[in-house]
Protein chains: 2
Amino acid sequence: MSDTPEQPGTQSLQEPSLDEQIAAYQREFRDLDPQVEKVVSALGRLNRRMNVAYGRQVADLGISNAEWEVLKTLVLAGAPYRLGPGELAKRLGLTPAAMTHRIDRMAGEGLVTRDRDENNRVRVIVELTDEGRAKWLEAMRMATDFEEELLQDLSSDERGVLGELLIRLLRRVEHAQPDAGGRLTDLD
Amino acid sequence: MSDTPEQPGTQSLQEPSLDEQIAAYQREFRDLDPQVEKVVSALGRLNRRMNVAYGRQVADLGISNAEWEVLKTLVLAGAPYRLGPGELAKRLGLTPAAMTHRIDRMAGEGLVTRDRDENNRVRVIVELTDEGRAKWLEAMRMATDFEEELLQDLSSDERGVLGELLIRLLRRVEHAQPDAGGRLTDLD
DNA sequence: CCTGAAGACTTCAACACTAAAGTTCGAGCC
DNA sequence: GGCTCGAACTTTAGTGTTGAAGTCTTCAGG
């Protein structure tokens, strides 16, 4: 069902329990598969809660979740940690316009630099600063600690199984099946 | 790692493959548990993709994802499908101010009505209209079809296992353990 | 060269959300 | 009965995002 991600600053989402929710849906909508609904709703909720948690953690470092996303993307690019605004926008799923402003802010805070490419003056190069990289590292440490704790109750086998199942779903959504029975095409 | 939910209107998120991403992180950050990272990253990605998909579907019905959330919450409330703006805000994780505007729009579109409570004139009652309920039903049908298709490759057993594992994670995040070893308190 | 077309960003107007400051109504107190 | 407090919503100011329009640069012809 999804429960899209909408947190206010850092509030306490207050909703009925998962089981109550599913029971309510079944009352209102007869042909609902509870098993499917359970998986989908749990997925959505889990994700929202996690995002709230990440947001709090990076806030302690003085950066926003949005800024952290940019730092991660730049680090993922590897080595000199450079990427153009357009490329960043594509990877983050933002419009170029939003990227322009985001980079403005981050450059102002010293997390990245923004320069014109000398070889092709239409292009702009955004590069991580040492400070930006340091912030990333701190955030990364907090994030992995949190993630480790989140999965604490699961055995290694269970973690493996969970990972595999999720990846199968992801594949289904990403490669938008060449239609061998199920549609789901044009997902993105 | 999370990959927070940020889609532009309805773009094609373009990112490295999950395996590439994890490999890159390992290069940059030594003590990273690939198994944990796999689970967390898959969760985040899956969710973003799903939200994009939901957004497209409800857009075909002429409503936004945000509006659909309100419809769902009202239906979940049951029977006369009424809730105050404050209560709605709490359940959706929005500020009351945002709720005011959202209700304005939706009332303008005839999806809900907004009236003062006769017994307590400070209170406002938002009620689903028949049109709103009809929209919900259509959206619900599309959503469940999509969800069914998403899980198509998983056997009933696998769906059950996945659901249980997710719920265990959810519990860990929701009840923010009374600290018997792991922290994670104050999550929301 | 000079021109036209395409690409990569930026600027602008409109919209949605947050935080904080109002407004209005109901309740308790003396 | 009039006062004050608190609750529930709305308004305002500021930020971040989208979509469309605009600018600047490069490249392919003519």
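Just so it is clear: chains get the letters A, B, ... in the order the sequence lines come, proteins before strands, and each one is counted from 1. What you see below is based on every heavy atom in this structure, not just the backbone, and it leaves out hydrogens, waters and symmetry mates.
- The main-chain N or O of B:L32 is never found under 3.5 Å from a side-chain atom of A:T144 such that the two would form a donor-acceptor pair.
- Taking atom CG on B:L83 and atom P on D:dA8, their separation rounds to 13 Å, with Å as the unit.
- Nearest to the side chain of A:T95, among C:dT18, D:dG19, C:dG7, sits D:dG19.
- Remark: B:R102 is in phosphate contact with C:dC17, judged by side-chain N or O atoms under 4.0 Å from OP1 or OP2.
- Residue-level contact check: A:R116 touches neither bases nor backbone, having no heavy atom under 4.0 Å from any strand.
- Considering only the side chain of A:T100, C:dT11 comes nearest among C:dA8, C:dT11, D:dT18.
- Contact annotation for A:R114: backbone-only contact, meaning every heavy-atom pair under 4.0 Å involves sugar-phosphate atoms and none involves a base.
- Taking for each of B:N120 and A:I125 the nucleotide of DNA chain C with the nearest heavy atom, the 5'-most of the two is the partner of A:I125.
- Close to D:dC24, at under 4.0 Å from its OP1 or OP2, lies no side-chain N or O of A:R121.
- For A:A97, the listed nucleotide lying nearest its side chain is C:dT11; candidates were C:dT11, C:dG7, C:dC9.
- Relative orientation of the B:Y25 and A:W136 rings is parallel, given thresholds of 30° and 60° on the angle between their planes.
- For the residue pair B:Q21/B:R45, the side-chain donor-acceptor check at 3.5 Å is satisfied.
- For the pair B:E67 CD and C:dA16 P, the computed distance is 9 Å after rounding to whole Å.
- Nucleotides of DNA chain D nearest to B:M99 and A:R105 differ in position, and the one nearer the 5' end is that of B:M99.
- Residue A:L94 has its side chain nearest to D:dT18 when only D:dT18, D:dT12, C:dT10 are considered.
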